[in-house]
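Computed from a predicted model, the values in this text were never measured in an experiment. Protein chains get the first letters and strands the later ones, always in sequence-line order, with residue 1 at the start of each.
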Amino acid sequence: MQQDYQPKDIEAAAQQHWEQAQAFRAKKDAGKPKYYCLSMFPYPSGKLHMGHVRNYTIGDVLARWHKMRGYNVLQPMGWDAFGLPAENAAIQNKVPPAAWTYDNIAYMKKQLKSLGFAIDWSRELATCKPDYYKWNQWLFLRMLEKGIAYKKTQVVNWDPVDQTVLANEQVIDGRGWRTGALVEKREIPGYYLGITQYAEELLADLDKLPGWPERVKTMQANWIGKSHGVRFAFTHDIKDSGALINDGRLWVYTTRADTIMGVTFVAVAAEHPLAAHAAKSNPQVAAFIEKCKHTSVMEADLATMEKEGVDTGLKVTHPLTGDQVPVWVGNYVLMSYGEGAVMAVPAHDERDFGFAKKYGLPIKQSVSMAGKTFSTDAWQEWYGDKEHGVCVNSDKYNGLNYEQAVGAIADHLKSMDLGDKQVQWRLRDWGVSRQRYWGCPIPIIHCDTCGSVPVPDQDLPVVLPEDCVPDGSGNPLHKREDFLNCTCPKCGKPAKRETDTMDTFVDSSWYYARYASGFKSDAMVDEDTNYWMPVDQYIGGIEHAILHLLYSRFWTKVMRTLGLVNYDEPFANLLTQGMVLNHIFSRRTDKGGIHYFAPDDVIVTRDEAGRIASARAVDGGAVDYQGIGTMSKSKLNGVDPQSLIEQYGADTARFFMMFASPPEQTLEWADSGVEGSHRFLKRLWAFGHALSAKSAGSMPGKLPNSLADIRREVHLTLKQANYDLGKQQFNTVASAGMKMLNALEKTLKDAEDGHAAVAHEGFSILLRLLSPICPHITHALWHELGYGGDILAAMWPEPLAAALEQDEIELVIQVNGKLRGSLRAPKDADKAALEQLALAHEAVQKQLAGGAAKKVIVVPGRLINVVL
RNA sequence: GCCGGGAUGGCGGAAUUGGUAGACGCGCCGGACUCAAAAUCCGGUGCUGGAGACAGUGUGAGGGUUCGAGUCCCUCUCCCGGCACCA
């Protein structure tokens, strides 16, 4: 055996052994329970970052642990290969996104292999390959047939200079990131997927997911956002070009129909027909609508921006009071949400209250609460409380509570054919059209005669040319005549292909099902998917808690509807990994964009509290400190694990990553503890080497106390580690390995009978316990020490009752809850005996000072609390 | 702004779910080995007071429940994730 720990050699040898043995090739096996362990596949951004190492080590620990416990394990890997960063790289380096992406995949695959993950590489896939995305297109066509996919207008960010659609990320303070031009909202046609058709099921089925974190289920439920309310209409006779606008109905939706008698105005979106009508004769309205074109489409911006509006001068009729109600245009009302119009009740809605105060609109109380006084001076929390109020100033509804009032009002509106109760969802349909090149083409052909025609199945896939180089101004597919020109499948006349591509969330919504099937060229999935699915353990970042996971659940339900799969939910158990964070530094460009700096390229100055006060780039110029955030390619704050792997080896990188913090917790990156992890593996290696010189001998029936203590420590630590593994708390499992080695090292100084037996028993436990976290070193040591066969095939260790036994236990003595001492007692001592022992204890006697105890609380096996 | 989560020594974190706060590791201090250094090994290390035994104090802030609170309840602060075109 080698004297020194040489991770490079050990790891290369172990990886070669696994490769030759095809140790991780997954096959169906009826004799074992299956375990499909899946980590979210990476976007091939260039290099792995620490978040990847964390994610995939967690997955690998779970996969290997289950394998050793007798499961038939599948752990695949692939590439989420379409996306915006490849186009950005193309703009910067003039390299086609495809070439850039394939290079990145090759490099990152090498990195993943060097980390020794137990992956079945025979199932590798990349979403940018036609044999994969063909099935995006195929399923999209099925959705069109079923009416799940449909076309309507969507609002996008438009850069007027580059003449291109911008992603939200490319809009910085309302301006285009490259041009600095003021971004406009623009309405263009696009395809939508009817996820709302599945809203009820997506909500209800959260109850079928006991293996998901509560926080994720709560977030999804809130996102889907089922609400009960009333949809109703104000009436009017406003005409445009001689015709009544919207048949004389202004529809709104409210969850607070009980406050309908407090309506003092109505607010409509800038794009609403009434607003457009008013703008024709009112320059103020026209100017305001123009201004609204530049408001953000992002909800976060919308919610925090100053609420502004303008009076259209138009009036509509309140359906219950008959009052004339003014119509305002509000920048906070979105045409794409609900009806594009809302009723405003300043007295009972905080936003409306602020708006009314700002513009001097009337505030009319219509709900009161016992013991509370209403005043229009300032908003009070109770104004918006629907649970405890009753209607006032509300005519025949006076005295009714929320539920009664909503019922009566809805009935009344229904009788007039002007409204009814309605269930409303916060969830919106999924807009999948992207005006970008590097994505899956939407399989549609535009014909002057026939309109939008689906590409026939036999013509799939619509293959994306891989040699385009985007330059930032529009979709390069527009210039590709060979792609663009085609014939209409219906009439045979010349036609044009759709150039929009699909949202990359489509690609990632079903890759897990593809891994699990035989990669057939004539079917999206095959029967194998029903063997492996659902994924038994899905692992990925908490940032995907809503969108990716919800889209995948939806996609699965569509596949089930189409009879492609027999399961409802894709992921049985979910582990949401905490983000790996790092400092973010940036500088504004002269165009108003943001240029990021890697933390390594920045010199920081800290204040007394140790916080970063200012920062300077290595070029000397000042940079802004943006705080800490997720490691990401775009922010340049990712840490490449490569130097870590090269310097210390994969096992150290893996061990440190697991040891640093529990998997679900956010982790601020710092490599200051890596040395310690490496030191531990060196000690492990040295101990194995020292131990290999000793033969185990047989375990004596009765061990001397010193050895019995060591053995108990090992088994007790194992018991705790197994418990922690069940909780998926790997940092304490790593600690347990350290504790075991600390205990076992004592046996080397012991010459008593049985010391080698205790050491070998303990070491074989330790190696198996550590093998999921650091598989290479444990593989080598297991082999060297001759514990039999391959450690992958070894049984997972369980603590022995005989090793845990002890006659006496230690109990803590408290006086008034404060720790005052401890005592040793027989393990089966009863409460009365323990109470007597405690009262006789000198520390208790001292506190009692001759007095008597008021009460004694005995917690068996733990403590005795004497209350004075 | 809304939804979800977090805060424990100088640092990462532990605490068997209401029962010894600080496991394990990093760092630091002291010692051994060495001509010296590195590596390695041994010991110490929440804070305050005390030579020490020990005492007081301590889990973001404030309040509460309890024999007992890091853990439960209320109020607040700061930080992180998501907010539908980053993935």
Peer 1: Can you give one letter per nucleotide of nucleotides 55-67 of chain B, going 5' to 3': B for a protein heavy atom under 4.0 Å from the base, S for sugar-phosphate only, - for none?
Peer 2: SSS---------B
Peer 1: Over how many whole Å does the gap from Leu547(A) atom CG to G82(B) atom P extend?
Peer 2: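 For the pair Leu547(A) CG and G82(B) P, the rounded distance is 10 Å.
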Peer 1: Quick check for you: among C24(B), C83(B), C86(B), whose closest atom lies nearest to any side-chain atom of Glu169(A)?
Peer 2: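 Side chain of Glu169(A) sits closest to C86(B).
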Peer 1: To the nearest Å, give me how far apart CD (Gln729(A)) and P (C24(B)) are.
Peer 2: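 To the nearest whole Å, that distance equals 15 Å.
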Peer 1: Gln665(A) or Phe82(A): which one's nearest nucleotide on RNA chain B is closer to the 5' end?
Peer 2: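 By nearest-heavy-atom nucleotide position, the 5'-most residue is Gln665(A).
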Peer 1: Begin from the C-alpha positions of Gln154(A) and Tyr191(A) and carry the test side chain to side chain donor-acceptor pair (under 3.5 Å) through to its verdict.
Peer 2: CA-CA 9 Å; Gln154(A) 53 177 346; Tyr191(A) 285 92; over 6 Å; no
Peer 1: For G9(B), decide between syn and anti, treating a glycosidic angle within 90° of 0 as syn.
Peer 2: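 The base of G9(B) is oriented syn (glycosidic angle within 90° of 0).
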Peer 1: Check the orientation of Phe656(A) and Trp669(A). Use parallel for under 30°, tilted for 30 to 60°, and perpendicular for over 60°.
Peer 2: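 The arrangement is perpendicular - the two ring planes meet at more than 60°.
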Peer 1: Going by purine N1 to pyrimidine N3 plus the second Watson-Crick contact, or the G-U wobble pair, all under 3.5 Å, which nucleotide sits opposite G50(B)?
Peer 2: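 Pairing partner, where one exists within any strand: none, as none qualifies.
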Peer 1: Please give the distance between the C1' atoms of G60(B) and A7(B) as a whole number of Å.
Peer 2: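 That atom pair is separated by 6 Å.
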Peer 1: Can you check U17(B) for me, syn or anti if syn means within 90° of 0?
Peer 2: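 It is syn.
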Peer 1: Heavy atoms under 4.0 Å, any strand shown: does Asn742(A) hit a base, just sugar-phosphate, or nothing?
Peer 2: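 Counting heavy atoms under 4.0 Å across all strands, the contact made by Asn742(A) is with sugar-phosphate only.
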Peer 1: When you compare G46(B) with A21(B), how far apart are their C1' atoms, in angstrom units rounded to a whole number?
Peer 2: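 Each nucleotide's C1' atom is 10 Å from the other's.
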Peer 1: If you check every side-chain atom of Arg683(A), which of G19(B), G25(B), A14(B) has the closest atom?
Peer 2: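 That would be G25(B).
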Peer 1: Within this structure, what is the CD1-to-P distance between Ile584(A) and C79(B), rounded to whole angstrom?
Peer 2: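 Going from Ile584(A) (CD1) to C79(B) (P), I get 13 Å.
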Peer 1: Mind checking the P distance from G6(B) to C73(B)? Whole angstroms is fine.
Peer 2: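 The same atom, P, in both gives a distance of 12 Å.
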Peer 1: Using purine N1 to pyrimidine N3 plus N6-O4 or O6-N4 for Watson-Crick, or N1-O2 and O6-N3 for G-U wobble, both under 3.5 Å, which nucleotide pairs with A36(B)?
Peer 2: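 Base partner found: none.
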Peer 1: side-chain hydrogen bond (donor to acceptor under 3.5 Å, both in side chains) with Ser296(A): which of Asp301(A), Asn157(A), Asp173(A)?
Peer 2: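 Looking at Asp301(A), Asn157(A), Asp173(A), the match for Ser296(A) under the side-chain hydrogen bond (donor to acceptor under 3.5 Å, both in side chains) is Asp301(A).
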Peer 1: Quiz question: by atom type and distance under 3.5 Å, do the side chains of Arg553(A) and Ser509(A) form a donor-acceptor pair?
Peer 2: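 Checked: Arg553(A)/Ser509(A) side chains show no N/O donor-acceptor pair below 3.5 Å.
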Peer 1: Among Asn88(A), Ile594(A), Asp162(A), Val171(A), whose side-chain contact (heavy atoms from CB on, under 4.5 Å) with Trp177(A) holds?
Peer 2: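 The side-chain contact (heavy atoms from CB on, under 4.5 Å) with Trp177(A) is passed solely by Asn88(A) among Asn88(A), Ile594(A), Asp162(A), Val171(A).
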Peer 1: Mind checking if Leu427(A) touches a base, just sugar-phosphate, or nothing, with heavy atoms under 4.0 Å?
Peer 2: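 Touches a base.
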Peer 1: Nearest whole Å is fine: how far is C78(B) C1' from Glu668(A) CD?
Peer 2: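 The answer, rounded to whole Å, is 13 Å.
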Peer 1: Would Phe82(A) and Tyr133(A) count as a close aromatic pair, with their ring centres under 6.0 Å?
Peer 2: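 Phe82(A) vs Tyr133(A): aromatic centres under 6.0 Å.
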Peer 1: Could you identify the nucleotide paired to C2(B), looking across every strand shown and requiring Watson-Crick or G-U wobble geometry with both distances under 3.5 Å?
Peer 2: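 Checking every strand shown, C2(B) finds its partner in G82(B), with both distances under 3.5 Å.
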Peer 1: Say you pick atom C1' in G10(B) and the same atom in U20(B); how far apart are they, in whole Å?
Peer 2: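 Here G10(B) and U20(B) have their C1' atoms 25 Å from each other.
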Peer 1: Rounded to the nearest 0.5 Å, what separates atom CD1 in Ile195(A) from atom CD1 in Ile224(A)?
Peer 2: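 The CD1 atom of Ile195(A) sits 7.5 Å away from the CD1 atom of Ile224(A).
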Peer 1: Can you tell me, in whole Å, how much space there is between the C1' of G62(B) and that of G56(B)?
Peer 2: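 Result for the C1' pair: 22 Å, nearest Å.
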Peer 1: Leu84(A) near the nucleic acid: base, sugar-phosphate alone, or nothing, with a heavy-atom cut-off under 4.0 Å?
Peer 2: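 The answer is sugar-phosphate, as Leu84(A) gets under 4.0 Å only of primed atoms, P, OP1 or OP2.
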Peer 1: Using a heavy-atom cut-off of 4.0 Å across all strands, would you classify Trp430(A) as base, sugar-phosphate, or nothing?
Peer 2: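 Trp430(A): no heavy atom of the nucleic acid under 4.0 Å.
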Peer 1: Between Phe656(A) (CZ) and G13(B) (C1'), how many Å, whole number?
Peer 2: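 Between C1' of G13(B) and CZ of Phe656(A): 11 Å.
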Peer 1: Once you round it to whole Å, what is the distance between P of G81(B) and CZ of Arg54(A)?
Peer 2: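 Roughly 13 Å, once rounded to whole Å.
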Peer 1: Has Lys307(A) got its NZ or CZ under 6.0 Å from the middle of the six-membered ring of Phe355(A), at an angle within 45 degrees of the ring axis?
Peer 2: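 No.
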Peer 1: For the side chain of Ser672(A), starting at C-beta, report the closest nucleotide among G4(B), C26(B), C83(B).
Peer 2: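 So the side chain of Ser672(A) is nearest to C26(B).
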Peer 1: Hunt down the Watson-Crick or G-U wobble partner of U16(B), both distances under 3.5 Å, from any strand shown, or write none.
Peer 2: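 Checking every strand shown, U16(B) finds no partner, since no pair has both distances under 3.5 Å.
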Peer 1: Whole-Å distance between G81(B) C1' and Met40(A) CE?
Peer 2: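 Whole-Å distance recorded here is 13 Å.
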Peer 1: Using the C1' atom as the reference point in each nucleotide, state the distance between C29(B) and G81(B) in Å, no decimals.
Peer 2: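 Taking atom C1' in both C29(B) and G81(B), they lie 40 Å apart.
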Peer 1: What interatomic distance, in whole Å, is found between C1' of A14(B) and the corresponding atom of U8(B)?
Peer 2: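 Approximately 10 Å lies between the C1' atom of U8(B) and that of A14(B).
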Peer 1: May I ask you to decide if the ring planes of His678(A) and Tyr5(A) are parallel, tilted or perpendicular, using 30° and 60° as cut-offs?
Peer 2: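 Correct class here is tilted.
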Peer 1: Within the structure shown, what part of the strands sits under 4.0 Å from Phe680(A) by heavy-atom distance: base, sugar-phosphate, or nothing?
Peer 2: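 Counting heavy atoms under 4.0 Å across all strands, no contact is made by Phe680(A).
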Peer 1: Whole angstrom is fine here: how far is it from NE2 in His544(A) over to P in A87(B)?
Peer 2: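 Roughly 10 Å, once rounded to whole Å.
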Peer 1: Taking only the C1' atom of each, what is the distance from A32(B) to G22(B) in whole angstrom?
Peer 2: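 A32(B) and G22(B) have their C1' atoms separated by 29 Å.
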Peer 1: Side chain of Asn157(A) only, please: which of A87(B), C85(B), U20(B) is the nearest?
Peer 2: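 The closest nucleotide is C85(B).
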Peer 1: Lys682(A) near the nucleic acid: base, sugar-phosphate alone, or nothing, with a heavy-atom cut-off under 4.0 Å?
Peer 2: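 Lys682(A): backbone/sugar contact only, no base atoms under 4.0 Å.
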Peer 1: What is the ring orientation for Phe554(A) with Tyr198(A), classed by angle as parallel under 30°, tilted 30 to 60°, or perpendicular over 60°?
Peer 2: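 Plane angle over 60°, so perpendicular.
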Peer 1: Look at the side chain of Gln435(A) against the base of C85(B) and say whether a donor-acceptor pair falls under 3.5 Å; ignore hydrogens and angles.
Peer 2: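 Flag set: donor-acceptor pair detected.
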Peer 1: Using a cut-off of 4.0 Å on non-hydrogen atoms, how would the nucleic acid contact of Met298(A) be classed: base, sugar-phosphate, or nothing?
Peer 2: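 Since only primed, P, OP1 and OP2 atoms lie under 4.0 Å of Met298(A), the category is sugar-phosphate.
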